Amino acid sequence: MERIRGVVERITYANEENGYSVIKIKAKGHSDLITVVGSMASVPVGTVIEAKGSWVRNPTYGLQFQASEWQERLPADIYGIEKYLGSGLIKGIGPVFAGKIVRCFGERTLDVLEETPEQLLDVEGIGPKRVDMIKTAWQEQKEIKNVMLFLQSHGISTAYGTRIFRTYGQDSIAVVKENPYRLADDIFGIGFKTADNLAQKLGIDRQASVRCRSGVLYVLRRLADEGHCFAFLDQLADSAVDILEIEKAKVLDTIERAVEAEDLMADGDAYYLPPFYYSEVGTARRLAAIASGVSQEPLLKPPPTAQRTTVEYDPVQLRAIALAERSRAMVLTGGPGTGKTTTINGIIEMHRGSKRRVILAAPTGRAAKRMTEATGMEAKTIHRLLEFSPSEGWKRNEDNPLEGDVLIIDEASMVDIILMYNLLKAVPENMSLVVVGDVDQLPSVGPGSVLRDIIASETIPVIRLNRIFRQALDSDIIVNAHRINRGQQPQLRRNRSSNFFLLEEQEDIAGTVVDLCSRRLPRFYNLEPIQDIQVLTPMQRTETGAMHLNKLLQEALNPETRCLKRGGAEYRLHDKVMQLRNNYEKEVFNGDIGRVSGIDLEDKTLQVRFDDRTVDYAFLELDELVLAYATTIHKAQGSEFPVVVMPFSFSHWIMLQRNLLYTGITRAKELVVLVGDKKAVYAAVKHAEVRRRNTRLKERLQALLS
């Protein structure tokens, strides 16, 4: 094995999931930068690394040094120190201040930061507030570095160091040593397998009860990620045996003990994680209580709805409005162009005409905004309606219920079982409930099939709108959405008046998508590419997945040079970005899309404009954002875009389903362009089987209301 030593000049690529990185270093004796590849995530620019490994020649990228072992050293010379401090690692120090500090203190710089940071006041432009910021960041970075070195010494990617420190603080190493399986419970992105690898390195026995328990819970969490509320006993036990590689008897004993400790809830042959059990049971009970309540007092001499407005309703819409007047709970479902919005407005007008207070809500900010625009009334996200805060939880609940007479929930297909339960807990039994959504869309990202199960239970009155209104028939998007939903091939006419096209392409689908977004569509339709066009794709990975397309589209659509880099990700001014997880403190949620509106290179902060407000992100929070020029169809639920471009080919074979195609094209208001293989589109139309999720909401409702 050979050794090299050098200063990290830049990070070309870094995968935070597995730690794999491609970095460029400046090494003594080499005139050009050396490309080093290996598991080296979170190595900052300016750091000195010593690596053991071998030289390899990549057929695409040329000569590289493949690192099998590496160690990080603080920079020893002025050049490396300035690079290190200017990398964004220390909040409060950017490239400009890094240069000033190094010019002031030279090779003593790191000693000053460690021992006498108050001397930073001698640097022009640095005041007491910035000194405090730098002191705090330097100390935090030291602790994070200790965590990373601990992980590295046990063969675990250092990419998780920051997340672990955020969760456990200065107790991080002690917590991990005591029970590494806590990482799988507490840290986003760390699964059982990573925690198990660490546990084995720490010498924890493979038969240890803490390991068996963690493996069983991991199986249930993985199933929850797939949308299931529970696992059947054999399903749970067999999967745990495969993962743990121990005897089934030991797994069954672990399951029994977990039930006794209430780490699991057993319901016959179904085994739940407690939050999903209580949410499913609670949702059924709350819905039953609401639906069984006394109807609203009828209006005195109610005039026919059609006579009170200038809107002409069809008979099914009138039935829906009449049902909303006399029922405590109802479901309104239907596809695009069938008049859901018109019917909602009729229901609102009917209730407001009788002086009833109507509340509107939707699961996402984008869906709530659309509801506001369609009704002229304020609609809130469910989280905001329930006044959720990270520290206090749901302020609106059974002890502090919502105030109003009627609650209308739109885009209910997106609502998972836990969110529905928390919503229903805040609905008093004298409030009417109208649940609205398109049951033929993809189910919620979270566990459960709430809307589908409520309809299938046949215990709550349902109105299904299925007539496509005349004005909607002029849209090929709507016509084809309904054809696809009925299992018919879409009409792929190629004329200038159509707003639904398929461009057949086999060789370079990604290149065609980029060309459409950057040149052809903006020129022909007079569009602003970033604002008006959204690429939706079935998957994250592959050549036509969201990850690869985002890099291509960023280069084509946003030539801005002002940017922040973290790992292998680059965030440019004006980039379209998406929030990856719920952040209740910032009040931004998984799937929210915004634009980068500001970048502070000194403080290494980034501002994102989400609709009507701006949110700040610190450097270490940038892993919550991804580029959003292209997103998966799942992430686009509840959204509408002027133009949708969708790559669709057999490279997405596992995802070629009717409800996925239907959901994707119904996100477009004005134009849909499919790019790829016509046979793949037809295959998706034929594949109508909805993957059955393990839920029992339907049966629970039937038991309570039948």
Side-chain angles (χ1 to χ4, degrees), residues 179-185 190-197 199-200 204-285 416-418 420-421 442-450 452-454 456-457 654-655 657 659 687-704:
N179 180 6
Y181 294 102
R182 280 188 60 180
L183 297 177
D185 295 342
I190 297 183
F192 169 79
K193 291 181 180 178
T194 299
D196 196 38
N197 286 337
Q200 300 310 304
I204 293 178
D205 190 275
R206 294 179 62 80
Q207 299 284 334
S209 59
V210 67
R211 178 176 186 266
C212 298
R213 172 190 174 277
S214 185
V216 167
L217 297 183
Y218 168 71
V219 170
L220 283 169
R221 289 194 193 96
R222 193 173 63 180
L223 287 169
D225 290 341
E226 296 171 8
H228 300 291
C229 290
F230 66 84
F232 293 103
L233 180 58
D234 284 343
Q235 179 185 21
L236 175 57
D238 291 344
S239 296
V241 166
D242 289 342
I243 289 165
L244 294 166
E245 297 179 342
I246 60 176
E247 295 295 324
K248 188 171 183 177
K250 177 70 174 177
V251 169
L252 292 172
D253 181 63
T254 299
I255 293 171
E256 185 178 338
R257 290 178 182 276
V259 171
E260 291 173 359
E262 297 188 355
D263 290 332
L264 297 182
M265 307 300 293
D267 183 18
D269 60 346
Y271 288 78
Y272 294 75
L273 291 171
F276 304 130
Y277 174 78
Y278 289 119
S279 294
E280 190 176 90
V281 171
T283 295
R285 287 176 178 168
D416 64 33
I417 193 68
I418 288 180
M420 180 59 82
Y421 177 47
L442 290 168
S444 59
V445 174
S449 299
V450 175
R452 184 177 298 276
D453 286 351
I454 292 172
S457 74
I654 193 172
M655 300 297 289
Q657 294 177 289
N659 60 353
H687 190 194
E689 182 181 347
V690 176
R691 292 176 182 170
R692 172 75 178 153
R693 293 183 168 191
N694 290 347
T695 76
R696 285 187 171 166
L697 179 60
K698 181 184 84 169
E699 291 79 6
R700 296 185 194 282
L701 285 170
Q702 289 171 336
L704 291 167

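Just so it is clear, the structure is predicted and the values come from calculations on it, not from any experiment.
For the ring-ring contact (aromatic ring centres under 6.0 Å, His included) test, no residue two or more places apart in sequence or in another chain qualifies with Y278. Residues passing the side-chain contact (heavy atoms from CB on, under 4.5 Å) test with S279 are I417, I418, Y421, sequence neighbours excluded. Taking the side-chain hydrogen bond (donor to acceptor under 3.5 Å, both in side chains) definition, one finds that N659 meets it with nothing, sequence neighbours left out. When the side-chain hydrogen bond (donor to acceptor under 3.5 Å, both in side chains) test is applied to R452, no partner is found at least two apart in sequence or on another chain. The side-chain contact (heavy atoms from CB on, under 4.5 Å) check on A266 picks up V259, Y271, with sequence neighbours excluded. With sequence neighbours excluded, the residues that form a salt bridge (charged side-chain N to carboxylate O under 4.0 Å, His left out) with R182 are D186. Every residue two or more places apart in sequence or in another chain that forms a side-chain hydrogen bond (donor to acceptor under 3.5 Å, both in side chains) with D267 is listed here: R700. Looking at residues two or more places apart in sequence or on another chain, you find no side-chain hydrogen bond (donor to acceptor under 3.5 Å, both in side chains) involving Q657. For the salt bridge (charged side-chain N to carboxylate O under 4.0 Å, His left out) test, residues two or more places apart in sequence or in another chain that qualify with D196 are R211.
Cation-pi geometry between R213 and Y181 is not met: the NZ or CZ atom fails to fall both under 6.0 Å from the ring centre and inside 45° of the normal.
With rounding to the nearest 0.5 angstrom, the CG atom of L697 is 6.0 Å from the CD1 atom of I454. Atom CZ of F230 and atom OG1 of T695 lie 7.0 Å apart (nearest 0.5 Å). Note that CG of D453 is 10.5 Å distant from OG1 of T283, once rounded to the nearest 0.5 Å.
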Tabulate below the donor-acceptor pairs under 3.5 Å that side-chain atoms of residues 242-254 make, not counting sequence neighbours, or state none.
residue : atom : partner : partner atom : Å
E245    : OE1  : R206    : NH2          : 3.2
K248    : NZ   : D238    : OD1          : 3.0
D253    : OD2  : R257    : NE           : 3.0
T254    : OG1  : K250    : O            : 2.9

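Proximity of Q235 to V219: side-chain heavy atoms (C-beta onward) are nowhere separated by under 4.5 Å. Considering only heavy atoms from C-beta on, L183 stays 4.5 Å or farther from T194 through its side chain. Contact check for V445 versus D416: no side-chain heavy atoms found under the 4.5 Å cut-off.
Here the shortest heavy-atom pairing between C229 and Y272 reads O-CD2, 3.2 Å. Here the closest heavy-atom approach between residue E262 and residue P274 is recorded as O-CG, 3.5 Å. The minimum heavy-atom distance between L701 and S457, with the atom names listed, is CD1-OG, 3.8 Å. The shortest non-hydrogen separation linking L264 to L236 is CD1-CD2, 4.4 Å. N694 and A231 make their closest contact through ND2-CA, 4.1 Å (heavy atoms, listed as atom of the first residue, atom of the second, distance). Taking every heavy atom of both residues into account, P180 and A195 meet most closely at O-CB, 3.5 Å.
Each ring-ring contact (aromatic ring centres under 6.0 Å, His included) pair with one or both residues in residues 206-227, not counting sequence neighbours, appears once here: F192-Y218. Here side-chain hydrogen bond (donor to acceptor under 3.5 Å, both in side chains) pairs that include residues 222-234, with residues two or more places apart or in two chains, number zero.
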Verdict with reasoning, S444 to R693, per side chain to side chain contact (heavy atoms under 4.5 Å, CB included): CA-CA 11 Å; S444 59; R693 293 183 168 191; 3.6 Å; yes
